[in-house]
Protein chains: 2
Amino acid sequence: MNLSIAEENYVKAIYKLQEGDTAVTTNALAYELDTKPASVTDMAKKLKEKQLIDYEKYKGITLTAEGRKTALQIVRRHRLWECFLVDKLAFSWEEVHELAEELEHVRSEKLTNRLSEYLGNPTVDPHGDPIPDAHGRMAKPRPQTSLDQANAKRLVVTAVTDQSVALLAFLNAKGIRLGTQLEIVAHYEYDNSIEIKMKHAPSLTISEQVAKNIMVRPV
Amino acid sequence: MNLSIAEENYVKAIYKLQEGDTAVTTNALAYELDTKPASVTDMAKKLKEKQLIDYEKYKGITLTAEGRKTALQIVRRHRLWECFLVDKLAFSWEEVHELAEELEHVRSEKLTNRLSEYLGNPTVDPHGDPIPDAHGRMAKPRPQTSLDQANAKRLVVTAVTDQSVALLAFLNAKGIRLGTQLEIVAHYEYDNSIEIKMKHAPSLTISEQVAKNIMVRPV
DNA sequence: AAAATTATTTAGACAAATCTAAATAATTTT
DNA sequence: AAAATTATTTAGATTTGTCTAAATAATTTT
Ligand SMILES: [Mn+2]
Ligand SMILES: [Mn+2]
Ligand SMILES: [Mn+2]
Ligand SMILES: [Mn+2]
């Protein structure tokens, strides 16, 4: 199956939006891909033809087993390139998504596997997302909660769910990265902001919106 | 100037075919890009519009200063990725061209420059071709001749001009690579074949066709 | 200098990926 | 259960990059 870059981007986006087995809607996919619903309908017909998705008019889209396999390969390449850029070329975590968005389309299993090996077969990318292995299997992520819901006091940052440049840059500015250890000092009921304390730094207060997008686990 | 992948491939091919200031013909370019002359004519109009080439009907194609600059950037990316694949991911020199053909289209100066730095700012690629620097300047290659025209006896291999998988695989099989030192043992006038001797190996005889595509310089 | 050949361009078509505007289906509100 | 709203699809265009077949220009042969 030889897919175009556009087709690969659709398959990946469907994978991302398809939580469990809920069908992905035309509008949601159009929004995710920054395109128009009419374009999504056109592409849905093509991807159905190629047996990568199940699709019936007005019923939404789900990946077939084949489509899921394809999506996992693309996600694997994307996340490995992100690791490469951060670990080897010293890019910052907010810079790599855009570049990986292009690098992920170089389809070569040999390249992908060599890259993985070169990086030490990493299991998570710079944003804490798991990397599928060559067979599409992902390590089950260790249990984690968003910082606003954490009840343990001493925590370690394991992932970031909103990966916008804006949030990542904010976290950089505050010295918060993957692996950062912190303690919850206080919850403020007024706006659900949270005061946290990291080693060797004064405590700081972050908004609920930020806290919701930081995943943590008890240390 | 935002170029498509197709446009980049054209610009690079024109650069490759344009020796000195001879205009590139429609047919030659079509052959190089494995497409049809009619398609080349269409694209020539577009690239002229974008001021990357000079082009008049029936008069052939030459790059403008802007076009040459663009071409050098693409060549730089291509050759740096080839170095990466060989030096870091242990690919063989005959495998990398095809992959670099895709990787070269990821346009990011920051990525390109970081990659170059990471590789130790190499000045030649795995085939002995010079790599333009960030300003498009290439180290003037040290004087070299093809093996069939060499007169010195003790030589070192500096580049390969035909970079087909077939020739590169042949050279692998015979243990000939960049930096290999060899002596010319004999020229056979019958078919212009050449007998060479490398250290720690019995001498071997190579055809004129092979010799023509190996560049050497006195050791 | 004609005639023949080769090179190049033009005309018209097609597939991929997208769009807008209009039509239709599904869902929600009243 | 109508009416109103929202979601989705269809119809018809557009752009990019390509093609084939026919026309024209340039070059070579006779
Ligand atoms: Mn992408
Ligand atoms: Mn990521
Ligand atoms: Mn290319
Ligand atoms: Mn090369």
Side-chain angles (χ1 to χ4, degrees), chain A residues 1-15 17-19 22-63 67 70-71 74 101-102 104-107, chain B residues 1-15 17-19 22-63 67 70-71 74 101-102 104-107:
Chain A
M1 189 75 58
N2 225 355
L3 300 187
S4 67
I5 290 176
E7 289 168 333
E8 284 197 341
N9 284 333
Y10 270 88
V11 169
K12 184 159 68 91
I14 295 163
Y15 176 82
L17 296 181
Q18 187 184 325
E19 303 273 320
T22 40
V24 175
T25 66
T26 304
N27 270 5
L29 196 46
Y31 182 79
E32 171 72 20
L33 289 167
D34 197 20
T35 183
K36 296 284 150 29
S39 307
V40 171
T41 301
D42 288 346
M43 183 60 92
K45 290 173 184 167
K46 268 197 286 185
L47 294 177
K48 184 189 181 175
E49 189 59 39
K50 294 195 172 188
Q51 308 196 31
L52 294 167
I53 62 171
D54 291 316
Y55 165 67
E56 297 299 332
K57 268 196 203 182
Y58 299 106
K59 298 284 176 56
I61 294 168
T62 53
L63 290 175
T70 301
I74 304 166
E101 201 56 47
E102 304 196 39
E104 71 187 358
H105 300 293
V106 178
R107 259 150 298 182
Chain B
M1 188 76 59
N2 227 355
L3 301 186
S4 68
I5 289 175
E7 288 169 332
E8 284 199 340
N9 284 333
Y10 270 88
V11 169
K12 184 159 68 94
I14 295 164
Y15 175 83
L17 296 179
Q18 187 184 325
E19 302 273 319
T22 41
V24 175
T25 66
T26 304
N27 270 5
L29 195 47
Y31 182 80
E32 171 71 22
L33 289 167
D34 197 22
T35 182
K36 295 285 151 25
S39 306
V40 172
T41 301
D42 288 345
M43 184 60 93
K45 291 173 184 166
K46 266 195 289 185
L47 294 177
K48 183 187 180 176
E49 188 59 38
K50 294 196 173 188
Q51 309 197 35
L52 294 166
I53 62 171
D54 290 316
Y55 166 68
E56 296 299 331
K57 269 197 202 181
Y58 300 108
K59 298 285 177 55
I61 293 167
T62 52
L63 290 175
T70 301
I74 304 166
E101 202 56 48
E102 305 195 39
E104 71 188 359
H105 300 294
V106 178
R107 260 150 297 179

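Lettering follows sequence order; numbering is per chain, from 1.
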**Report entry** Qualifying residues under side chain to side chain donor-acceptor pair (under 3.5 Å), relative to K46(A), sequence neighbours excluded
**Finding:** none
Query raised in the report: Taking the side chain from R107(A) and the backbone from N2(A), do they hold a donor-acceptor pair closer than 3.5 Å?
Result: no
Query raised in the report: Is there a donor-acceptor pair closer than 3.5 Å between any side-chain N or O of E8(B) and the backbone N or O of I74(B)?
Result: no
Query raised in the report: What's the verdict on side-chain contact (heavy atoms from CB on, under 4.5 Å) for I14(A) and L47(A), showing C-alpha distance, side-chain angles and the deciding distance?
Result: CA-CA 11 Å; I14(A) 295 163; L47(A) 294 177; 4.2 Å; yes
Query raised in the report: Can you tell me how far C1' of dA15(C) sits from NZ of K45(A), to the nearest Å?
Result: 16 Å
Extract all donor-acceptor atom pairs below 3.5 Å that involve side chains of residues 28-41 of chain B and protein atoms in other chains or at least two apart in sequence.
from, atom 1, to, atom 2, distance (Å)
E32(B), OE2, K16(B), NZ, 3.2
T41(B), OG1, P37(B), O, 3.2

Query - Close side-chain approach of V106(B) and V106(A), heavy atoms under 4.5 Å - result: no
Query raised in the report: Just wondering, do H105(A) and N9(A) contact through their side chains at under 4.5 Å, heavy atoms?
Result: yes
**Report entry** With sequence neighbours excluded, residues passing side-chain contact (heavy atoms from CB on, under 4.5 Å) with E56(A)
**Finding:** K48(A), K59(A)
Query raised in the report: Which atoms form the tightest heavy-atom contact between I61(A) and A44(A), and what is the distance?
Result: CD1-CB, 3.9 Å
Report summary line: Between its two end axes (five pairs each) the helix from dA1(C)-dT30(D) to dT30(C)-dA1(D) turns, nearest 10 degrees, through 0°
Report summary line: The correct set of residues in residues 24-33 of chain B placing a heavy atom under 4.0 Å from DNA chain C is T25(B), T26(B), N27(B)
Report summary line: Scoring nucleotides 12-27 of chain D by protein non-hydrogen atoms under 4.0 Å (B base, S sugar-phosphate only, - none) yields ----SSBBB---BS--
Requested in this report: Let me see the working for L63(B) and Q18(B) under side-chain contact (heavy atoms from CB on, under 4.5 Å), right down to the final yes or no.
Outcome: CA-CA 8 Å; L63(B) 290 175; Q18(B) 187 184 325; 3.8 Å; yes
